[in-house]
Amino acid sequence: MDKIIKNGTLVTDTKTFQADIHILGEQIQEVAQGLSIPGAEVVDATGMLVMPGGVDAHVHLNLPMFGTVSSDDHYTGHRAAAFGGTTTCLDFVPQDNKTLAEDIEAWHKRADPLAAIDYSFHMNITRFDEKVAAEMAKLPERDGISSIKVFTAYNHRLRLDDGGIFKAMRVARDAGILTMLHAEGGDVIEVLVEEAVRSGKVTPLDHALTRPAWGAVEAVLRASALAAQAEAPLYIVHMNAAGEVDQLQYAREQGLSVMGETCPQYLFFTSEKLAGKDGAGWVCSPPLRGKQDNERLWQGVQNGVIQVIGTDHCPFFLNGGKEILFEGKKVAIPGKELGEGDFTRIPNGLPGIEDRLPILWTHGVGTGRITPNQFVALNATNPARIFGLYPKKGTLQPGADADIAIWDPTISIQYGVKEAHMRTDYNLYEGWTMRGMPVKVFLRGKLIVDDGKWNGRAGGGNYLRRTAGNTIL
Ligand code: URP
Ligand code: ZN
Ligand code: ZN
C-alpha cells in the first residue's frame, strides 16, 4: 500500500529541506514537495524531523561471556534499537567452532527467528591458519559477510599476533573484506592485571588502570602500519583515547585507508564512574578514559577524522541476582555482580543500542557539537556506506528501503531505565534530559514504533547479505 509522509523537515547527511516521502511497499518511491497519491495513507509530519533510520555498526546481542550472556537477545535488543530510531544493526559472530561456516550457522540460529529490525554480521577472526584463510575468502559470496574483526588484546582468548593480523588483512583485502580492529595493548594488560590481582587491587577502577590508554594509542598506530604494509583498509572500533584520534589522523594524512568509530560512552563519561557507587556497571573494554579524551574524540567526530558512532551495545544486569519486571515478565540474568570483589570476573560491556540517537541529538546536536547533518552521517549514512549497505540503508533517496524515523523535536523528557526498552536494570543516562525523540519508526515501510506502541515482531527483520568491496570514507 502507498504511504506518504507529508509536511516534514527531512534531514539527511548533507541537506535539511522540506519534502514529502512517497513509500511504495518496502521502498521510498519519491521525495518531493506537495506529493499527493489518491488512496495513499497519509502520515502527517508537520513540525517533525524526518531522518533515515539509524545504522548501528557495533552491537553484541546474546553474546556468551564470563559464564553469562549479554542480556539483550536479537529480539529485545532490536526492539530497543527501534524505539531509539535505529533500524539496522550489525553484530559479531564469535569464532568458536571448527569452521567459520558452523559459527555463522550457529549465529543465524540465534538471530534469525528473533530479529525485529534488519541486521547483518561481522565475523570475529580470533584463530588464524590456512584453513581459516581459505574460508575467509568465501565470506562475502557464501555468507554475505564483508567485514572481520581482529583483536590486539584479550591474550590467549581472542588475540591474533601481529603476523596473524597482517596475514588476515591480506586475505581480507583480496576478498574485498574490511578488517575491523579492537585496539588495546594485550601484553601490558596481561602484566598489569596479574600484578593488580596479586596485590589485591581488584575494584572496577582497577579494570581501567590495568588497560592504559597508551596501549590503545600504540595499537592504532601499529595496526595502521600493518594495514599500510598489507595494502588493506582498516576500521578502528570503539575509539576511546585522545592519542588514538591523533594516530588515526596521522594514518589518514599519510593517505592510508584507515577509518574510525567511537561510541557515546567514550564521548560523555570518564573513568570516575568506575570509582563511584555501582562502578561495575561502567566496566567495558576498552575502559572509559579522561575529560581530555572526551574532548579529543568530539573533535575527531566534528572534523571527520572519525566517521562513525556505534554503540558497542553489550549490556549486563548490574544486579543479576534480582529480578526485574520486563515487558510484564520477571527476568534476572547474571551480570556485573559476578565480578563482586574481582574485576577480572566482571562481564565487560555497556548498554546503549536505544540511547545512541536520542542522546546524541540532545547532547550533541542540541549543544552545537555536531550539526543535524553530521548526526545523520555519523549514525546512519557513513556506517551504511562503509559496510556495504548504501544506498539501501542510511538514506532517504528513491529506491532506498523505507527505514525512516520521524522525530518530534518538541518532546522533553527525563530519560532513564524506566523509559528505555533495553533488557537490563540500569541506564547510563539516568536522569538526563532528552529534547527531541523518535516517535514513529518505519522498517521497510512498516510502522514498527508508533508513538510509544510496538508494532514490530520477532522474525520481522531481514538478514542483509553484503557483497565484497567496501567504501572507504
Ligand atoms: O566491553 C566491551 N566492549 N565488550 C564487548 C566486546 C568488545 O570488545 O567490543
Ligand atoms: Zn572490542
Ligand atoms: Zn564490541
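Atoms within each ligand, like the ligands themselves, are counted from 1 in listed order. All heavy atoms count here, side chains included; hydrogens, waters and symmetry mates do not. All residue numbers refer to positions in the sequence shown, counting from 1.
Contact atoms of ligand 1 toward H58: 9 (O) (distance under 4.0 Å to a heavy atom of the residue). Close approach of ligand 1 to H182 (heavy-atom distance below 4.0 Å) involves ligand atoms 8 (O). Atom numbering of ligand 1 starts at 1 in the shown order; those under 4.0 Å from a heavy atom of K149 are 7 (C), 8 (O), 9 (O).
Looking at D312 and the Zn ion (ligand 3) together, the shortest N, O or S contact belongs to OD1. Residue H60 approaches the Zn ion (ligand 3) most closely through its N/O/S atom NE2.
For the Zn ion (ligand 3), the set of nearby N, O or S atoms under 2.8 Å includes one belonging to H58.
The closest protein non-hydrogen atom to atom 3 (N) of ligand 1 is D312 OD2, 2.6 Å. The shortest contact between atom 4 (N) of ligand 1 and any protein heavy atom is with N348 O, 3.1 Å. Taking atom 6 (C) of ligand 1 as the reference point, the nearest protein heavy-atom neighbour is H60 NE2, 3.6 Å.
When rounded to 10 degrees, the angle formed at the Zn ion (ligand 2) by NZ (K149) and ND1 (H182) equals 120°.
Considering all non-hydrogen atoms of both residues, L360 and I309 come closest at CD1-CG2, 3.6 Å.
Taking the centre and axis of the six-membered ring of F92, the NZ or CZ atom of K149 falls inside the cone set by 45° and 6.0 Å.
For F92, no heavy-atom contact with ligand 1 is shorter than 4.0 Å.
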